[in-house]
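Heads up: the structure comes next, in structure tokens.
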Number of protein chains: 2
Amino acid sequence: MSERVTLKQVAAKAGISYQTVSKVLNGSNQVARETAERILSAARELGYRPNTMARNLRSQRSWMIGYSWIPTPPNQVNHILDLFLTSMVQEAEAAGYHLLPFPYQEGEEQVETYREMIDSGRVDGFVLSSVEYDDPRIQFLLSRQFPFVAFGRSNPEIDFPYVDIDGGAGMRMTVDYLIKKGHRRIAVLAWPENSRVGNDRMGGFFEALNNAALSIPTEWVMRGEGTYEFGLKSGLHLLSTSPDQRPTAIVTLNDTQAIGAMVAAHELNLTVGSDVDVIGFDDAPMSQYLYPPLSSIRQPIREAGRLCVEQLIKLMEGESLIERQILLNPKLIIRASA
Amino acid sequence: MSERVTLKQVAAKAGISYQTVSKVLNGSNQVARETAERILSAARELGYRPNTMARNLRSQRSWMIGYSWIPTPPNQVNHILDLFLTSMVQEAEAAGYHLLPFPYQEGEEQVETYREMIDSGRVDGFVLSSVEYDDPRIQFLLSRQFPFVAFGRSNPEIDFPYVDIDGGAGMRMTVDYLIKKGHRRIAVLAWPENSRVGNDRMGGFFEALNNAALSIPTEWVMRGEGTYEFGLKSGLHLLSTSPDQRPTAIVTLNDTQAIGAMVAAHELNLTVGSDVDVIGFDDAPMSQYLYPPLSSIRQPIREAGRLCVEQLIKLMEGESLIERQILLNPKLIIRASA
DNA sequence: ATATTTAATGCGAACGTTCGCACGAACGTT
DNA sequence: AACGTTCGTGCGAACGTTCGCATTAAATAT
């Protein structure tokens with residue numbers, strides 16, 4: 001395993017006290033040039049690397065950023081994680097910080113996990129994701145005045161630092177596009193009403209309709225899980241009425257639902273892209289390879305990850321944030337499905 | 001930020017030396033029951049949590065497992081990462097270890113990154129992925145005798161601890177299945193010959209053909225990238241000959257290629273599942289939603305992640321491995337495409 | 001020649017643990 | 001009454017840093 005090289009080893013080799021070695025390696029100019037050079041070359045020859053644990057103990061900083069995410073349920077996909085994690089890690093490491101992933105806990109124990117990580121000095125800050133309404137983590141971290149940045153918004157009345165993607169804007173772009181294309185009868189596959197992300201997106205949906213002075217039957221707003229099965233079932237339901245009764249376009253809150261709707265159209269012998277337009281949300285990597293390729297909303301995930309860490313680092317270093325809340329715009333990717 | 005609670009604080013409150021507090025909290029039975037209880041309740045009241053950095057420094061262990069992965073190129077997907085990472089984190093945390101993700105480096109600097117992490121005491125072991133032939137990390141870690149487990153094999157002549165999925169077995173299952181179904185003309189979309197994973201899988205492909213005393217034209221083994229574009233192009237090439245000349249089944253080394261091949265069939269007005277069978281590899285989460293749903297090989301990723309960490313922990317704790325090399329069997333998932 | 005400044009280095013202390021040994025008191029034994 | 005055991009607790013030391021002050025030697029001013 002090869003012996004550790006410590007300051008003392010370098011000091012012995014250079015014939016000087018180890019504290020002076022420390023000074024030189026940290027760039028103090030209080031040391032004679034000649035000895036500094038002797039020390040530096042000794043350090044180089046021995047391959048000295050400062051011990052992280054000792055450093056951290058001394059500086060009382062762990063240089064760690066805690067992050068946990070909801071494990072993906074079977075048969076579902078997390079398109080986001082790869083990009084989000086990679087960009088966070090890159091941004092963090094570039095600034096000398098490290099990401100500490102830890103398992104997601106449900107319920108009561110969740111806050112306890114965060115408390116534990118703080119009190120044992122394991123992390124200097126957190127990035128939160130899967131933020132919902134009344135998220136107990138936010139209250140807790142605010143009350144402890146512990147640095148964190150949320151990826152996602154929560155209750156509007158609570159003031160905390162976040163980075164989020166403007167899902168409402170995405171939905172508006174989608175609906176605006178469809179209206180411009182001539183659609184007047186647009187249905188939507190939505191999520192349950194307690195979903196913050198879902199409501200954000202639905203806000204944009206209705207806004208776009210209102211702006212165009214359009215209204216749709218309430219039963220065209222179908223709420224359910226973000227699954228293929230729900231998309232398929234809802235698609236069949238919506239599209240199996242007569243051509244002048246059914247919607248001419250279906251928008252969904254994620255691509256998985258959209259795929260279900262496309263298959264529904266297929267099974268009813270309708271052609272997606274002409275008989276009915278479908279637009280998804282998320283731009284899952286495989287959506288481009290569907291038949292027909294799925295139009296969808298692409299979120300700037302890399303940028304979001306980068307910004308979360310950038311903001312958090314400022315907080316951890318005691319700087320104040322110029323923008324405490326950041327909202328990023330997604331992008332509508334048009335393919336053959338709409 | 002609330003003051004830290006240290007051993008000294010607890011000791012003061014219980015009226016005893018802080019070292020004795022340490023003994024009690026670490027379960028020494030050398031302490032009088034009465035004082036032990038006094039100490040425990042003081043610790044509970046103050047909410048004492050041992051400081052990780054101090055502990056680690058003292059124990060000379062970081063309790064960290066280093067892991068880095070190749071960032072996914074644009075337009076590609078990493079279906080694996082989510083599952084693999086989640087299972088590693090769970091397994092690690094359950095044993096008191098933590099995962100330390102760090103950015104992937106190419107070329108010369110790669111080994112340097114690993115050296116740096118070792119010498120600064122940042123990690124106690126590594127899980128490697130994206131292992132290829134002549135992987136310099138393996139040589140380096142072996143020579144340093146530093147604990148690691150690779151997810152994936154490398155040169156057969158090098159002995160090191162790994163967990164891998166038997167891609168050859170997967171391919172054998174696929175081809176056996178097709179032969180049993182009556183296919184005699186099977187083409188394959190493969191990867192470049194320098195890909196270790198690709199060769200492993202192709203080994204199984206040829207083995208299954210040999211076992212059935214079948215042979216195929218060399219031009220039916222098409223080598224290229226694991227992309228949609230390559231799958232589409234190759235599919236068009238393979239399938240645009242006359243019905244009695246072309247392959248009746250196409251197998252691929254990943255689902256992305258398979259999707260390309262399916263679209264090729266589609267464009268040539270061939271029905272996948274009857275005119276031509278297609279079987280992929282990886283069982284990407286969305287493959288089940290394709291039209292028709294794609295048959296594919298599913299790899300036990302969770303299990304692989306869990307085992308990597310389990311094995312690594314044994315190594316880090318000085319135990320010897322009962323099985324130094326572990327090979328897991330994948331599973332053929334049959335859907336409508338074959 | 002002595003006092004004062006400056007430059008270079010050494011040293012003690014601290015961060016919060018854990019570990020092992022030393023010490024004293026209480027006890028039982030001869 | 002003297003001695004050995006046992007039990008409970010205290011204490012010093014160490015892990016590898018960094019920081020600030022003390023110390024020494026050299027250089028400059030009086």
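By convention in this document, chain letters (A, B, ...) are assigned in the order of the sequence lines, proteins followed by strands, and residues within each chain are numbered from 1.
- Counting only heavy atoms from C-beta on, Ser17(A) has its side chain closest to dG10(C) among dG16(D), dA13(C), dG10(C).
- One finds no side-chain N or O of Thr20(B) lying less than 4.0 angstrom from the OP1 or OP2 phosphate oxygen of dG8(D).
- Rounding to whole angstrom units, CD of residue Gln30(A) and P of dC19(D) are separated by 13 Å.
- At whole-Å resolution of the value, CG in Leu57(A) and P in dC19(D) are 13 Å apart.
- dG16(C) atom P lies 13 Å from atom CG of Asp119(A), rounded to whole Å.
- Residue contacts shown for Ser22(B) include a base, since a base heavy atom lies under 4.0 Å away.
- With rounding to whole Å, Arg122(A) atom CZ is found 16 Å from dG16(C) atom P.
- When side chains are defined from C-beta on, Val123(B) counts as touching Phe146(B), because their heavy atoms get closer than 4.5 Å.
- Remark: dG20(C) base-pairs with dC11(D). Criterion, Watson-Crick or G-U wobble with two distances under 3.5 Å.
- For Pro50(A) and Arg33(B), each mapped to the nucleotide of DNA chain D holding its nearest heavy atom, the one lying further toward the 5' end belongs to Arg33(B).
- For Arg4(B), whose side chain is taken as the heavy atoms from C-beta onward, the closest listed nucleotide among dT17(D), dG10(D), dG16(C) is dG16(C).
- One can find a donor-acceptor pair under 3.5 Å joining the base of dG10(D) and the side-chain atoms of Lys23(B).
- In terms of modelled atom types and a separation under 3.5 Å, the side chain of Asp135(B) and the main chain of Arg137(B) share a donor-acceptor contact.
- For the residue pair Asp82(B) and Thr72(A), a side-chain donor N or O sits within less than 3.5 Å of a side-chain acceptor on the partner.
- Nucleic acid contact class of Thr35(A) (heavy atoms, under 4.0 Å, all strands): sugar-phosphate only.
- Rounded to whole Å, atom C1' of dG20(C) lies 14 Å from atom CG of Asn26(B).
- Across the protein-nucleic acid pair, Trp63(A) atom CH2 and dC15(C) atom P stand 19 Å apart, rounded to whole Å.
- In this structure, Ile16(B) atom CD1 and dC11(D) atom P are separated by 11 Å, rounded to whole Å.
- Contact annotation for Asn56(A): no contact, since no heavy-atom pair falls under 4.0 Å across all strands.
- Aromatic pair Tyr67(A)/Phe151(A): centroids not less than 6.0 angstrom apart.
- Rounded to an integer number of Å, the gap from Arg61(B) CZ to dC19(C) P is 13 Å.
- Looking at the side chain of Gln60(A), the nearest of the listed nucleotides dT17(C), dG16(C), dT17(D) is dG16(C).
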Worksheet item: What do the steps show when you test Asp124(A) against Ser62(A) for side-chain hydrogen bond (donor to acceptor under 3.5 Å, both in side chains), and what is the final call?
Response: CA-CA 6 Å; Asp124(A) 294 339; Ser62(A) 66; 3.1 Å; yes
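- Base engagement by Gln19(A) is indicated by at least one non-hydrogen atom pair under 4.0 Å involving a base atom.
- dT29(C) and dA2(D) make up a base pair, with Watson-Crick or G-U wobble contacts both under 3.5 Å.
- At distances below 3.5 Å, not a single donor-acceptor pair connects side-chain atoms of Ser129(A) with backbone N or O atoms of Trp69(A).
- For the pair Tyr48(B) and dT17(C), the criterion of a side-chain N or O lying under 4.0 Å from OP1 or OP2 is met.
- Position along DNA chain C of the nearest nucleotide to Tyr18(A) versus Arg38(A) favours Arg38(A) as the more 5'-ward residue.
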